[in-house]
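Hydrogens, waters and symmetry mates play no part in the numbers below; they use all other heavy atoms, side chains included. Quick note on labels: first sequence line is chain A, next is B, and so on, each numbered from 1. Being a predicted model, the structure only gives us computed values, none of them experimental.
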Number of protein chains: 2
Amino acid sequence: MEILKNKDYTLDNEQLARFAKAMGHPARITILQFLASLDCCYFGDIHNELPIAKATVSQHLKELKEAGLIQGEIETPKVKYCINRENWEKAQVYFETFFALKKEKIGCCTAP
Amino acid sequence: MEILKNKDYTLDNEQLARFAKAMGHPARITILQFLASLDCCYFGDIHNELPIAKATVSQHLKELKEAGLIQGEIETPKVKYCINRENWEKAQVYFETFFALKKEKIGCCTAP
DNA sequence: TTTGTAGTTCGCAAAACTACGAACAATATT
DNA sequence: AATATTGTTCGTAGTTTTGCGAACTACAAA
């Protein structure tokens, strides 16, 4: 018998993990926060908010884009970034649902 | 003049990123979900839910513990894990607050 | 005392992440 | 045509993550 460990992760869990991972760096949290409060702005504005080189900022933006949380649009010679509303709300629901799992239960480890 | 780039990340953003990072892997999401719905259980139960070796499970548990999302307690010869309620709720508030930033605004990039 | 059970820790390898400067692309300006 | 502006991409370096098997710890039972 070969490897038959078929217990894969659910797609929902993988999606939630993907969103969480994208948020797993202070620079990316800062970017998202900035965009969420400003609605949208140019690369330079984002770079100004951060203590890192532009190449690194560009990389973080790419990751956020790949996770679907933001979108970019060329407005020569600048690039305008903004929150991807659809996925932002999707992520919000994912996290809400996740945290709602633990509601008013009395557990066996209520202390420390 | 030396390096004076003093624009650090806020503690809140670092904390949120830390929580998000801990949630940034499907195995860890699955563990948290399992614990949240069960309240608490032993290492073996968690290992049974996952398609990975016990050494790897142990590592993921360690990370979740370090992020403060779970806690473990020795109950020889087993180890009982459960959600760390206090920090779970803290994390929940962090995420809620974060996503609430983008409410009903009309932005300049409403479309893809 | 040997054996079992339940997990953790160690050591390793491969891959991914974070960061940077330099080089590049695309357009606008001189 | 040369220069400037705005970002992206490339190449590199160091660190961290993920995963595993093997060795180890701690206690209980035979």
Side-chain angles (χ1 to χ4, degrees), chain A residues 2-5 7-9 13-14 17-32 34-35 40-67 69-82 109, chain B residues 2-5 7-9 13-14 17-32 34-35 40-67 69-82 109:
Chain A
E2 307 306 315
I3 301 157
L4 277 184
K5 205 144 193 192
K7 277 175 294 180
D8 247 353
Y9 304 113
N13 281 1
E14 290 197 334
R18 198 146 40 234
F19 282 140
K21 189 174 183 182
M23 292 173 62
H25 190 289
R28 294 196 291 269
I29 289 290
T30 304
I31 291 169
L32 290 171
F34 188 63
L35 283 178
C40 70
C41 63
Y42 298 115
F43 174 91
D45 305 321
I46 297 171
H47 181 212
N48 271 330
E49 291 295 304
L50 300 170
I52 50 181
K54 61 182 179 168
T56 311
V57 173
S58 204
Q59 268 187 183
H60 283 305
L61 288 168
K62 191 176 169 188
E63 277 178 68
L64 288 172
K65 210 160 36 176
E66 278 167 6
L69 291 171
I70 68 170
Q71 52 199 154
E73 185 183 340
I74 296 172
E75 223 171 69
T76 313
K78 302 187 178 183
V79 178
K80 191 169 73 176
Y81 281 101
C82 59
C109 313
Chain B
E2 306 307 314
I3 301 156
L4 278 182
K5 206 146 194 194
K7 277 174 295 180
D8 248 352
Y9 303 112
N13 280 0
E14 289 195 338
R18 199 145 39 234
F19 282 140
K21 189 174 181 182
M23 292 174 62
H25 191 289
R28 295 196 292 268
I29 288 290
T30 304
I31 291 170
L32 290 171
F34 189 62
L35 283 177
C40 72
C41 64
Y42 298 115
F43 173 91
D45 304 321
I46 297 171
H47 181 211
N48 272 331
E49 290 294 303
L50 301 169
I52 50 183
K54 61 182 180 171
T56 310
V57 173
S58 204
Q59 268 187 183
H60 283 305
L61 288 168
K62 191 176 171 188
E63 278 177 67
L64 289 172
K65 209 159 38 176
E66 278 166 6
L69 290 171
I70 69 171
Q71 51 198 154
E73 186 182 338
I74 297 172
E75 223 170 69
T76 309
K78 304 188 179 183
V79 179
K80 189 169 72 177
Y81 282 102
C82 60
C109 316

Between atom CG in B:Leu64 and atom C1' in D:dT17, what is the gap in whole Å?
14 Å
Figure out the CD/P separation between B:Glu66 and D:dT18, and round it to whole Å.
12 Å
Validation row: B:Tyr81, B:Asp45 side chains within 4.5 angstrom (heavy atoms):
no
Which of residues 18-28 of chain A sit near DNA chain D, with a heavy atom under 4.0 Å from it?
none
Nucleotide nearest A:Phe43 (side chain, heavy atoms from C-beta), chosen from D:dT9, D:dG21, D:dT8
D:dT8
Is any side-chain nitrogen or oxygen of B:His60 closer than 4.0 Å to OP1 or OP2 of D:dG19?
yes
Atom pair CD1 (A:Ile31) and CE (A:Met23), whose distance is rounded to the nearest 0.5 Å
12.5 Å
Given D:dT6, D:dT9, D:dG21, which nucleotide is nearest the side-chain atoms of A:Lys62?
D:dT9
Give me the ring orientation class for A:His25 and B:Tyr9: parallel if the planes are under 30° apart, tilted from 30 to 60°, perpendicular past 60°.
perpendicular
Please give, in whole Å, the distance from D:dA26 P to B:Ile74 CD1?
10 Å
B:Arg28 and B:Gly24: which non-hydrogen atoms are nearest, and at how many Å?
NH2-C, 4.1 Å
What is the distance, rounded to the nearest whole Å, between atom CD1 of A:Ile31 and atom P of D:dG7?
13 Å
Between A:Tyr81 and D:dT6, is there a contact of a side-chain N or O with OP1 or OP2 at under 4.0 Å?
no
Side chain of A:Thr30, backbone of A:Pro26: donor and acceptor closer than 3.5 Å?
yes
In this structure, how many angstroms lie between the C1' atom of D:dG19 and the OH atom of A:Tyr9, rounded?
10 Å
Interatomic distance where CD belongs to A:Glu63 and P belongs to D:dT8 [whole Å]:
14 Å
For the pair made of CD1 in A:Ile46 and P in D:dT6, what is the distance, rounded to whole Å?
14 Å
Donor-acceptor under 3.5 Å (B:His47 side chain, B:Ile52 main chain):
yes
Pairwise 5' ranking along DNA chain C for B:Lys54 and B:Gln59, keeping only the more 5' one:
B:Lys54
What distance do A:Glu63 atom CD and A:Ser58 atom OG have between them, rounded to the nearest 0.5 Å?
11.0 Å
When you measure from the side-chain N and O atoms of A:Ser58 to the phosphate of D:dT8, is any distance below 4.0 Å, counting only OP1 and OP2?
yes
I'd like to check B:Leu35 versus B:Leu69 (side-chain heavy atoms, cut-off strictly below 4.5 Å). Are they in contact?
no
Roughly how far, to the nearest 0.5 Å, is the CZ atom of B:Phe43 from the NZ atom of B:Lys54?
7.5 Å
Just verifying a value: how many Å separate B:Leu61 CG and B:Thr56 OG1, rounded to the nearest 0.5 Å?
11.0 Å
Determine: side-chain N/O of B:Thr56 to OP1/OP2 of D:dT18, distance under 4.0 Å, yes or no.
no
Would you mind reading off the distance between A:Tyr42 atom OH and D:dG7 atom P, rounded to a whole angstrom?
9 Å
5'-most to 3'-most nt of DNA chain C touching chain B (<4.0 Å, heavy-atom partner on protein side) reads C:dA6 to C:dT9
